[in-house]
Number of protein chains: 2
Amino acid sequence: MTATPLPRVTIKDVAARAGVSKGAVSLAFNQKPGLSEATRDRIFRAARELGWAPSSTARTLAGSRVDVVGLAVCRPARLLGLEPFYMEFISGVESVLVERSCSLLLRLVRSPDEEVGLMESWWRGRQIGGSILVDFRADDPRPAVAERLGLPVVAVGHPSLTGGLTSVWTDDATAVTEAVRYLAALGHRRIARVGGAAALGHTSIRTTAFDEAVGALEPAARAWQVATDFSGDAGARATRSLLTAAPPERPTAIVYDNDIMAVAGLSVAAEMGLRVPDDVSLLAWDDSQLCRLTHPTLSAMSHDIHGFGAEVARTLFGVITGEGPGSHPVPTPVLTPRGSTAPP
Amino acid sequence: MTATPLPRVTIKDVAARAGVSKGAVSLAFNQKPGLSEATRDRIFRAARELGWAPSSTARTLAGSRVDVVGLAVCRPARLLGLEPFYMEFISGVESVLVERSCSLLLRLVRSPDEEVGLMESWWRGRQIGGSILVDFRADDPRPAVAERLGLPVVAVGHPSLTGGLTSVWTDDATAVTEAVRYLAALGHRRIARVGGAAALGHTSIRTTAFDEAVGALEPAARAWQVATDFSGDAGARATRSLLTAAPPERPTAIVYDNDIMAVAGLSVAAEMGLRVPDDVSLLAWDDSQLCRLTHPTLSAMSHDIHGFGAEVARTLFGVITGEGPGSHPVPTPVLTPRGSTAPP
DNA sequence: AATCGCGACTTTACCGGTTCAATAAGTGGC
DNA sequence: GCCACTTATTGAACCGGTAAAGTCGCGATT
């Protein structure tokens with residue numbers, strides 16, 4: 001019952017069957033000039049008959065292309081499973097990779113250091129042709145490492161965080177401001193935000209923008225902010241503590257940094273006997289399908305995560321083919337009002 | 001993709017610095033006998049000083065192990081993003097791969113045919129040393145292909161679906177039965193199930209088991225089943241149509257095939273003015289964090305998806321190292337009662 | 001007629017490792 | 001002091017491709 005591997009068919013077999021040399025086969029399969037149509041056809045026919053496709057491993061070693069891109073994600077596994085963002089992002093990336101017959105090498109790491117080590121070994125070992133970098137932190141070591149290695153990368157994050165690397169980003173500051181303005185326009189003056197992991201750069205961008213946006217409202221306006229780990233539990237805890245205060249000290253609207261926490265917030269409000277949106281308005285972020293599955297439905301800052309991933313992949317191909325560094329903003333998340341927001 | 005020319009350090013450099021031959025370095029790095037401790041040390045020191053690690057590409061080509069395992073997932077990208085199952089499963093797989101310094105090659109495919117093609121080209125091109133197969137269907141072509149290629153794989157699914165391949169599976173039939181018995185014990189006699197994609201093998205296993213379980217109750221008991229695509233929207237639609245009938249024709253309990261649809265069901269019930277669990281009980285499946293974030297919280301059939309993924313990876317390593325085919329059941333999902341189920 | 005240019009291949013030298021037969025050095029027996 | 005026997009180390013042959021430098025035949029140029 002031991003699986004006896006098939007005799008592997010190699011370029012040599014194809015060459016023999018087509019009556020040409022290895023080199024000719026290589027030429028044919030890389031659409032390079034120097035072969036007659038007739039020979040080309042014979043080669044392709046032989047390859048088809050033998051079921052041969054070039055070994056990407058051998059190709060890589062021979063120094064041509066590397067058709068794999070890396071993605072290391074540094075977040076606790078348990079949280080990732082729940083965060084709709086990543087799978088959707090990945091599916092967007094894939095949608096572009098597939099067109100180029102590339103694959104995604106995925107690895108969950110536990111620390112930024114581990115990620116740096118992985119970048120090095122992937123690149124040194126020629127396992128990847130480029131990499132996608134996410135979740136930038138203050139003083140992130142990765143830009144320097146990528147630079148030193150000459151590894152083509154695209155950074156997902158605001159240029160202020162990504163140390164000169166080519167970056168793809170959404171304008172979170174503007175989005176936060178829009179969220180606050182929207183709530184203010186509804187009449188809210190006591191607004192809270194349940195943010196993500198404090199260590200992440202985009203969290204601090206949102207935090208700052210939120211403070212500024214609320215500060216720009218009339219003096220009576222008041223802001224609260226809480227940092228979490230993005231988990232639903234943390235979102236529930238934060239919401240509970242924000243809503244336990246008596247009405248004047250209690251926010252009338254809460255903005256969340258992802259959908260999961262907003263869902264959790266909804267449930268906490270219900271459990272506390274507060275009506276959404278009458279007693280408190282909730283605003284989610286990302287706008288996955290989840291926002292339309294709750295009752296009331298969740299208003300959200302929505303953006304096209306799939307498209308975002310696709311843009312990242314396209315940009316990475318640009319970098320790999322030698323394009324200089326650049327900054328690629330994608331559309332700012334827009335407010336999608338639903339059932340969870342209303343005047344206080 | 002073209003590779004950026006960089007002063008790559010290779011085994012030759014290490015050999016030169018340690019004053020030995022390439023072969024010796026290889027011996028040292030593969031813990032093979034035949035080298036003196038002193039030489040071994042010198043080699044490791046040289047490697048460390050040069051920051052060298054063996055190229056897995058070259059190793060692969062030279063015929064030793066391949067340290068990448070493949071996973072192709074054939075579901076619409078948009079659904080995947082929302083399905084907590086996959087990311088959690090993947091993180092479980094990764095947890096084992098990391099210990100062996102292996103990586104996961106991930107690809108989203110659009111059809112079973114595309115997946116078969118991918119298996120072939122990954123294996124032929126020596127990109128993977130083994131593969132994980134998920135989402136089995138009736139008459140799935142993959143067992144035959146894996147057999148023919150000699151590709152080491154582990155199938156995620158009941159042995160009746162996976163055509164003799166080594167499989168890792170949960171006993172869904174028993175779990176469904178337990179769910180039905182639980183609801184029956186609460187007093188429910190009109191029970192519905194909102195199932196997953198009809199084409200998937202595990203869906204039909206659950207469907208059959210559900211019919212049998214309800215049939216085994218007193219004759220007055222009645223069952224409904226609806227197939228969906230696992231999406232929240234589909235879950236909402238299914239729930240709506242189940243609950244619009246007048247009370248005698250309406251189920252008093254609904255079992256869902258995943259968490260997302262149960263969340264959607266919860267919201268539909270609320271929107272229809274039905275109280276959960278007083279008017280209708282809902283039971284989710286998988287039990288991701290989501291189930292504890294709703295109000296009421298969702299009772300669910302819960303299992304350890306992370307551990308499941310880990311077991312799959314371990315089993316795959318077994319297959320790769322030549323273990324014969326086997327069947328590896330993991331613990332049956334257990335009922336976790338929460339706030340969404342009660343007597344009718 | 002000798003030379004040139006060019007298309008259509010073939011040859012050959014890698015890429016960065018692994019593997020194994022061959023060799024050199026060291027040990028012990030007698 | 002010679003031989004058999006280990007043990008440490010090397011050299012060369014791959015692995016399956018790519019790429020650059022030949023080779024060869026042939027019509028066009030001078």
Side-chain angles (χ1 to χ4, degrees), chain A residues 5-43 46-47 50-67 121-127 129, chain B residues 1-43 46-47 50-68 101 121-127 129:
Chain A
L6 282 191
R8 286 176 183 285
V9 11
T10 77
I11 197 173
K12 219 181 299 181
D13 305 313
V14 176
R17 184 172 242 267
V20 297
S21 67
K22 295 192 335 177
V25 179
S26 176
L27 253 18
F29 269 77
N30 290 296
Q31 2 244 39
K32 297 208 169 165
L35 286 183
S36 67
E37 269 317 304
T39 314
R40 219 171 270 271
D41 283 353
R42 244 179 328 126
I43 291 174
L50 266 51
W52 177 82
S55 150
S56 84
T57 308
R59 274 186 160 170
T60 297
L61 188 56
S64 68
R65 68 196 116 278
V66 178
D67 52 7
S121 87
W122 272 352
W123 178 241
R124 286 234 157 88
R126 287 203 166 218
Q127 293 215 78
Chain B
M1 314 183 182
T2 34
T4 317
L6 191 77
R8 283 176 186 285
V9 14
T10 81
I11 198 174
K12 219 181 302 182
D13 305 314
V14 176
R17 182 173 244 265
V20 296
S21 69
K22 295 193 332 175
V25 177
S26 176
L27 253 17
F29 268 77
N30 290 295
Q31 7 239 39
K32 297 210 168 163
L35 282 185
S36 66
E37 270 315 305
T39 316
R40 219 171 270 274
D41 283 353
R42 244 181 325 130
I43 291 174
L50 266 50
W52 177 82
S55 149
S56 84
T57 308
R59 274 187 157 167
T60 297
L61 186 57
S64 73
R65 275 281 167 285
V66 179
D67 53 6
V68 172
S101 301
S121 87
W122 272 353
W123 178 241
R124 288 233 156 89
R126 287 208 167 214
Q127 293 214 79

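First the proteins, then the strands, lettered A, B, ... as listed; each starts at 1.
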For a 4.5 angstrom cut-off between non-hydrogen side-chain atoms, does Asp13(A) reach Thr10(A)? yes
Over all atoms of both residues, closest heavy-atom pair of Gln127(A) and Val68(B): OE1-CG2, 3.9 Å
Contact class for Val20(A) vs. all strands (heavy atom < 4.0 Å): base, sugar-phosphate, or nothing? sugar-phosphate
Please give me the minimum heavy-atom distance between Leu50(B) and Val9(B), naming the atom from each residue. O-CG1, 3.8 Å
Counting the atoms with a prime plus P, OP1 and OP2 as sugar-phosphate, which does Ser21(A) contact under 4.0 Å by heavy atoms, base, sugar-phosphate, or nothing? base
Using only side-chain N and O atoms of Lys32(B), determine if any of them is under 4.0 Å from OP1 or OP2 of dT19(C). yes
Between P on dT18(D) and NZ on Lys12(A), what's the gap in Å once rounded to a whole number? 14 Å
By nearest nucleotide on DNA chain D, pick out whichever of Leu27(A) and Arg42(B) is the more 5' one. Arg42(B)
Tell me which nucleotide among dT18(D), dT9(D), dT18(C) gets nearest to the side chain of Arg59(B). dT18(C)
Contact under 4.0 Å: Thr39(B) side-chain N or O vs dT9(D) OP1/OP2: yes
Check Trp52(B) against Ile11(B) and note the closest heavy-atom contact, atom names and distance. NE1-N, 3.4 Å
Distance test, side-chain N/O of Ser26(A) to OP1/OP2 of dT18(D), below 4.0 Å: yes
Counting only side-chain nitrogens and oxygens, does Ser36(A) get under 4.0 Å of the OP1 or OP2 atom of dG7(C)? no
Distance check needed: dT18(D) P versus Asp67(A) CG, whole Å only. 11 Å
Please report, rounded to the nearest Å, how far the C1' atom of dG17(C) is from the CZ atom of Arg124(A). 16 Å
In whole angstroms, the gap separating C1' of dC15(D) from CG of Leu61(B) amounts to 4 Å
Side chain of Ala62(B) only, heavy atoms from C-beta on: which candidate in dT19(C), dG17(D), dC15(D) is closest? dC15(D)
Candidate nucleotides dG17(D), dG17(C), dG16(C), ranked by approach to the side chain of Thr10(A) - the nearest: dG17(D)
List, one per line, each side-chain donor-acceptor pair under 3.5 Å for residues 29-36 of chain A, sequence neighbours excluded.
unit_1	atom_1	unit_2	atom_2	d
Asn30(A)	OD1	Arg59(A)	NH2	3.2
Asn30(A)	OD1	Arg65(A)	NH2	2.7
Asn30(A)	ND2	Ser26(A)	O	2.8
Asn30(A)	ND2	Ser26(A)	OG	3.4
Ser36(A)	OG	Thr39(A)	N	3.3
Ser36(A)	OG	Thr39(A)	OG1	2.6

Hey, is the side chain of Ser55(A) poking within less than 4.0 Å of OP1 or OP2 on dG16(D), counting only N and O atoms? no
Let me know the distance between NZ of Lys22(A) and C1' of dC15(D), rounded to the nearest Å. 10 Å
Calculate the interatomic distance between Ile11(A) atom CD1 and dA19(D) atom P; express it in whole Å. 11 Å
For atom CD1 of Ile43(A) and atom C1' of dG17(D), their distance in whole Å: 14 Å
Length of the line joining Arg126(B):CZ and dG17(D):P, which is rounded to integer Å: 10 Å
